[in-house]
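A short write-up of the structure that comes next.
Remember, predicted model here, so these are calculated numbers, not experimental data.
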Amino acid sequence: MSQSRKHRGFRTERVVADYLRRWWEGAVVGRGSGRDILNVPFDCEVKARTGLDVVGTLRQIETRTAKSGLLGFACFRLNGQGEKADDYVAMLRLGDLVELLLAAGYDKRKEIIQDKDIKRCGQCGEWTINDPCNWCEDQ
């Protein structure tokens, strides 16, 4: 790995730690500890690479979180992204996402859509549950 890529990776860890410090004031970069960000209640793996090894990253997270029991996810700084961490991409297992959504109350749906609610728009022919459909409203 070139020195510039290595330094970009180190800088990305600092950017993510700074961003997380808004909510977890002790968030710092963890050097040599396994976890990229310390003093947070989860395990965040930070990546700033050209190629994404999704399976390898998931294995890395699962190996660490199997021991710690923490929620694990990866944070990716994609090529062309600057240092605005809230634009970075996060990846976690679908099972972990569902647990988070349930804990946040997303299992309490406010509206249940039934087959009888789905119809074709009389103007554009798209399937919709809205009258008029969102497509025609936007035009």
Side-chain angles (χ1 to χ4, degrees):
M1 178 186 314
S2 73
Q3 288 293 63
S4 64
R5 298 297 299 178
K6 188 182 288 188
H7 289 295
R8 181 175 183 258
F10 293 153
R11 177 66 190 149
T12 301
E13 289 175 340
R14 288 191 301 276
V15 168
V16 171
D18 289 346
Y19 178 74
L20 294 174
R21 204 171 298 121
R22 296 177 189 174
W23 300 275
W24 296 276
E25 67 181 58
V28 294
V29 174
R31 290 277 176 250
S33 66
R35 292 173 58 195
D36 288 347
I37 308 294
L38 299 177
N39 303 324
V40 292
F42 44 80
D43 190 333
C44 177
E45 176 64 29
V46 179
K47 303 281 188 188
R49 296 193 178 145
T50 300
L52 296 180
D53 179 6
V54 173
V55 173
T57 301
L58 281 174
R59 283 190 190 126
Q60 182 180 12
I61 293 167
E62 288 172 349
T63 299
R64 286 207 313 249
T65 59
K67 296 175 187 172
S68 69
L70 296 173
L71 170 69
F73 63 93
C75 177
F76 295 99
R77 178 182 179 178
L78 305 175
N79 283 351
Q81 289 186 309
E83 294 191 352
K84 191 173 174 200
D86 55 351
D87 287 338
Y88 295 173
V89 175
M91 176 188 72
L92 68 157
R93 292 177 47 252
L94 180 59
D96 293 332
L97 174 62
V98 169
E99 284 185 38
L100 290 172
L101 292 171
L102 291 173
Y106 279 85
D107 57 332
K108 317 271 188 296
R109 293 188 57 173
K110 294 180 180 168
E111 118 184 0
I112 303 295
I113 299 167
Q114 299 176 353
D115 285 345
K116 67 179 179 60
D117 300 323
I118 302 170
K119 55 193 169 285
R120 279 206 185 264
C121 174
Q123 291 180 322
C124 70
E126 287 290 323
W127 290 102
T128 183
I129 59 170
N130 300 314
D131 189 24
C133 78
N134 292 340
W135 177 259
C136 290
E137 276 188 344
D138 291 342
Q139 299 304 317

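- How far OG1 of T65 is from CG of L58: 10.0 Å, rounded to the nearest 0.5 Å.
- In this structure, the side chains of L52 and V89 stay at 4.5 Å or more apart for every pair of heavy atoms.
- If you take CZ on R14 and CG on D36, they are separated by 13.0 Å, rounding to the nearest 0.5 Å.
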Intermediate values then yes/no, side chain to side chain contact (heavy atoms under 4.5 Å, CB included), L92 and L100: CA-CA 11 Å; L92 68 157; L100 290 172; 3.9 Å; yes

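- In terms of heavy atoms, I37 sits closest to E13 at CD1-O, 3.6 Å.
- Cluster annotation: V28 and V15 are assigned to distinct hydrophobic clusters (Ile/Leu/Val/Met/Phe/Trp/Tyr, side-chain heavy-atom contacts under 4.5 Å, transitive).
- When the side chains of ILVMFWY residues are joined at heavy-atom separations under 4.5 Å, either directly or via intervening members, V40 and V46 end up in a single hydrophobic cluster.
- Formation of a donor-acceptor pair under 3.5 Å by the R77 side chain with backbone atoms of Y88 is not found in this model.
- The hydrophobic side chain of V29 is isolated, with no ILVMFWY side chain under 4.5 Å apart from it.
- Between F73 and F42, the ring-plane angle classifies as tilted under the 30° and 60° cut-offs.
- W24 is not listed as a side-chain neighbour of N39, based on a closest heavy-atom distance of 4.5 Å or more.
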Audit row: I61, R93, side chain to side chain contact (heavy atoms under 4.5 Å, CB included) steps and yes/no: CA-CA 10 Å; I61 293 167; R93 292 177 47 252; over 6 Å; no

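- Between the side chain of R21 and the main chain of A27, a donor-acceptor pair closer than 3.5 Å is present.
- In this view, W127 satisfies the ring-ring contact (aromatic ring centres under 6.0 Å, His included) rule with no residue, not counting sequence neighbours.
- Hydrophobic clustering, with ILVMFWY side chains joined whenever heavy atoms are under 4.5 angstrom apart, groups Y106 together with L71.
- Taken to the nearest 0.5 Å, the CG atom of D96 stands 8.5 Å off from the CD atom of E62.
- Interatomic distance, CD of Q60 versus NZ of K47, reported as 4.0 Å (0.5 Å rounding).
- In this structure, R64 contributes its side chain and G34 its backbone to a donor-acceptor pair below 3.5 Å.
- Rounding to the nearest 0.5 angstrom, the gap separating the CG atom in N79 from the CZ atom in R49 is 12.5 Å.
- Heavy-atom neighbours of D86 CG from other residues, nucleotides or ligands within 6.0 Å: above the threshold of 12.
- Taking every heavy atom of both residues into account, M91 and T57 meet most closely at CE-CG2, 3.7 Å.
- Side-chain atoms of R11 do not come within 3.5 Å of backbone N or O of E83 as any donor-acceptor pair.
- Within the model, atoms CZ of R120 and OG1 of T128 stand 11.5 Å from one another, a figure rounded to the nearest 0.5 Å.
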